[in-house]
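To start, the structure under review is shown below, and the notes come after it.
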Number of protein chains: 2
Amino acid sequence: MKDRSLERYHHGELKEELIRLGRVAIERDGIASLSLRALAAEAGVSKTAPYRHFPDRDAFLVALANEGFRLLAQELERVLAEGGAVPAMGRAYMAFASAHPALYRLMHSELLANAAPAQLTEARRSMQLLGESLARAGGWKLGADGEAGRRFANEAAAAWGYIHGLVMLRIDRLFPAWLPEPDWEGLAERLTAHSAPRASTRRKKAARPTH
Amino acid sequence: MKDRSLERYHHGELKEELIRLGRVAIERDGIASLSLRALAAEAGVSKTAPYRHFPDRDAFLVALANEGFRLLAQELERVLAEGGAVPAMGRAYMAFASAHPALYRLMHSELLANAAPAQLTEARRSMQLLGESLARAGGWKLGADGEAGRRFANEAAAAWGYIHGLVMLRIDRLFPAWLPEPDWEGLAERLTAHSAPRASTRRKKAARPTH
DNA sequence: GCTATTATGTTGGCATTGCTTACATTAAAG
DNA sequence: CTTTAATGTAAGCAATGCCAACATAATAGC
C-alpha cells in the first residue's frame with residue numbers, strides 16, 4: 001500500500017485531467033502509443049481509475065476528438081465574430097491543424113468513422129459552422145432539397161475536401177521534399193475559390209471546355 | 001513440438017505472404033489492431049518468424065504502405081498509358097482509395113511522416129507520376145527553379161490536397177449525413193480545375209503577393 | 001445528525017502483444 | 001562435402017487493455 005497520507009483518495013477532476021494529459025501525450029508520442037495506464041500514472045492515480053470515466057481506450061480517444069472539435073468550433077466562432085469571411089476561416093482552420101497536428105489527425109481518424117454520433121456532439125457543431133459560412137459566401141441555402149441541395153453538398157464537399165487535404169498534406173509532411181515548400185497559408189485562403197459557385201466550374205460540368 | 005511432418009521448416013515466401021495477409025487484415029480489422037503474431041499464426045508459422053523479415057511492427061507497416069504506393073502507381077500508369085488526362089487520373093485515384101480504404105489511410109498515416117525515405121521508393125514514384133501529369137496539363141516545368149518552381153509547388157499542393165482530402169472525406173465517412181451524398185467521382189474529375197492555372201486564381205495570387 | 005446509496009478510486013490478475021535471446025534447420029557458397 | 005548465412009522455432013520478459021472484487025468518500029433521504 002502506497003503512502004497516500006498527503007493525497008486525497010478521490011482525485012476530483014480526473015476526467016478533465018485525463019483529457020488534458022491525453023492531448024499533451026498524443027502530440028508528444030503519437031496517437032498509437034497512447035496508454036491509459038501511463039496516463040493514469042501521470043495523473044498520480046491507479047492503473048484502472050480511468051475506466052471509471054471511459055468504458056475503454058477507444059471511448060477515451062473519441063472523447064479526446066470531441067474536445068478537439070470543441071476547440072476548433074471555438075476558433076471558427078471567434079473568426080466569425082470578428083467578421084471573418086471564408087478566407088479567414090481557411091486560415092484559422094489551417095492554423096488550428098498546424099498547432100495541434102495529432103489532435104487534428106485523431107479528429108479525422110478511422111476510429112471516428114464508426115463512433116456513435118451521440119459522442120460527437122461538438123463535431124457536428126464545428127461542421128455546421130463551416131457549412132453555414134460556406135453557404136452564406138456562395139449564396140446557397142443550407143437546408144435546400146432536391147437539385148439545389150445536391151449541388152450545395154457537392155460544393156461543400158469540394159471546399160471541405162480541399163482544406164482538409166491541404167492540412168493533412170502539411171501536418172503529415174507528405175509533400176515531396178524535392179519541391180519548394182508551398183505557401184500553406186496562402187493556399188488555405190484560396191478556400192473561397194472552392195466555396196463560391198464559379199461560373200467556369202459549373203459550365204465545365206456540362207461542357208468541359210479545357211484541354 | 002508440433003507435428004510438422006507434412007510442412008516445410010522454411011516457408012519460402014513468408015515475406016510476400018505476410019504482406020498479402022496484412023493487406024487483408026487491415027481492411028478487415030483496421031490498422032490499429034493488426035498483430036504480427038496473429039499474422040504469423042495465419043501464415044502457419046511461429047510467432048516470431050516475421051521478425052526475420054521486418055525489424056519491428058512499424059517497419060512492416062511501412063513495407064505495407066510501400067506496396068500500396070506500388071499498386072497506386074501501377075494504376076496511374078495504366079491510366080496514363082491509355083491516354084488518360086487529369087480527370088481520368090482523378091477518377092483512378094478516387095477508385096483506388098475507395099477499393100483499399102485502410103491501405104490508403106496507412107499510406108498517408110502519421111507513421112509515414114517519419115519513415116526513412118529509403119523504405120518508400122514506390123511512394124516517390126507514384127507522386128512523380130501525379131506531378132508529371134499535373135505539370136503537363138498545366139503547362140508547367142517540373143524542375144523549374146525560383147518563382148516558377150514555387151508557383152508550380154503551390155498548384156501541385158492545391159491539386160493534390162484537393163483530391164487527397166476528397167478521398168479521405170469519403171473513406172472516413174466524415175461528410176455529414178444530413179446532407180445529400182456528394183457525387184464523389186464527379187468531384188474527383190474536377191481535379192483539372194485545380195491543376196490548371198486558372199486566370200482568376202493567378203490574378204488573386206498576384207494581388208496578394210506572397211505570405 | 002445518521003445511514004444507505006452511489007460515485008469514484010485501488011488491488012490483483014489474466015490474456016494479448018511486441019520484442020529479445022538462444023537455439024534448430026535448411027539452402028547456398030566454397 | 002564442409003562451412004556459412006539465411007530462415008524459422010522456443011522460451012520468456014515487460015507493457016498494455018480490461019475484468020472482478022474490494023475500499024473510500026460524497027451525497028441523498030430520513
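Throughout, protein chains are lettered first and strands after them, A, B, ... in sequence-line order, and every chain is numbered starting at 1. Because the structure is a prediction, the values reported are computed rather than measured. We use all heavy atoms of the structure for the numbers below, so side chains are in, but hydrogens, waters and symmetry mates are not.
Ring planes of A:Phe69 and A:His108: perpendicular class, angle over 60° (limits at 30 and 60°).
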Dump the pairs, protein N or O against N or O of nucleotides 12-15 of chain D, anything under 3.5 Å, distances to one decimal.
residue : atom : partner : partner atom : Å
D:dG12  : O6   : B:Lys47 : NZ           : 3.4

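In this structure, CG of B:Leu14 is placed 15 Å from C1' of C:dT26, rounded to the nearest angstrom. Counting to the nearest Å, the C1' atom of C:dT8 and the CD atom of A:Glu17 are 15 Å from each other. Atom CD in B:Glu13 sits roughly 15 Å away from atom C1' in C:dA27 (whole-Å rounding). Computed from coordinates, the B:Tyr51 OH to C:dA22 P distance equals 18 Å when rounded to whole Å. Atom pair B:Leu34:CG and C:dT16:C1' shows a separation of 14 Å (rounding to whole Å applied).
Between A:Arg190 and B:Glu155 there is a salt bridge, since at least one side-chain N of the basic residue sits less than 4.0 Å from a carboxylate O of the acidic one. Ion pair B:Glu27/B:Arg20 not flagged as a salt bridge, since none of the NZ, NE, NH1 or NH2 atoms sits closer than 4.0 Å to an Asp/Glu carboxylate oxygen. Under the 4.0 Å criterion applied to side-chain N and carboxylate O atoms, A:Glu42 and A:Arg28 are assigned as salt-bridge partners.
With 3.5 Å as the limit, one finds no donor-acceptor pair spanning the side chains of B:His164 and A:Tyr162.
The 12-atom threshold is exceeded at CD of A:Glu16, counting heavy atoms of other residues, nucleotides or ligands nearer than 6.0 Å.
Looking at heavy-atom distances under 4.0 Å, B:Leu39 makes no contact with the nucleic acid at all.
Aromatic pair A:Phe60/A:Tyr51: ring centres not closer than 6.0 Å.
Taking the side chain to side chain donor-acceptor pair (under 3.5 Å) definition, one finds that A:Arg170 meets it with A:Ser98, A:Glu185, sequence neighbours left out.
Within a heavy-atom distance below 4.0 Å of DNA chain D, the residues of residues 52-63 of chain B found are B:Arg52, B:His53.
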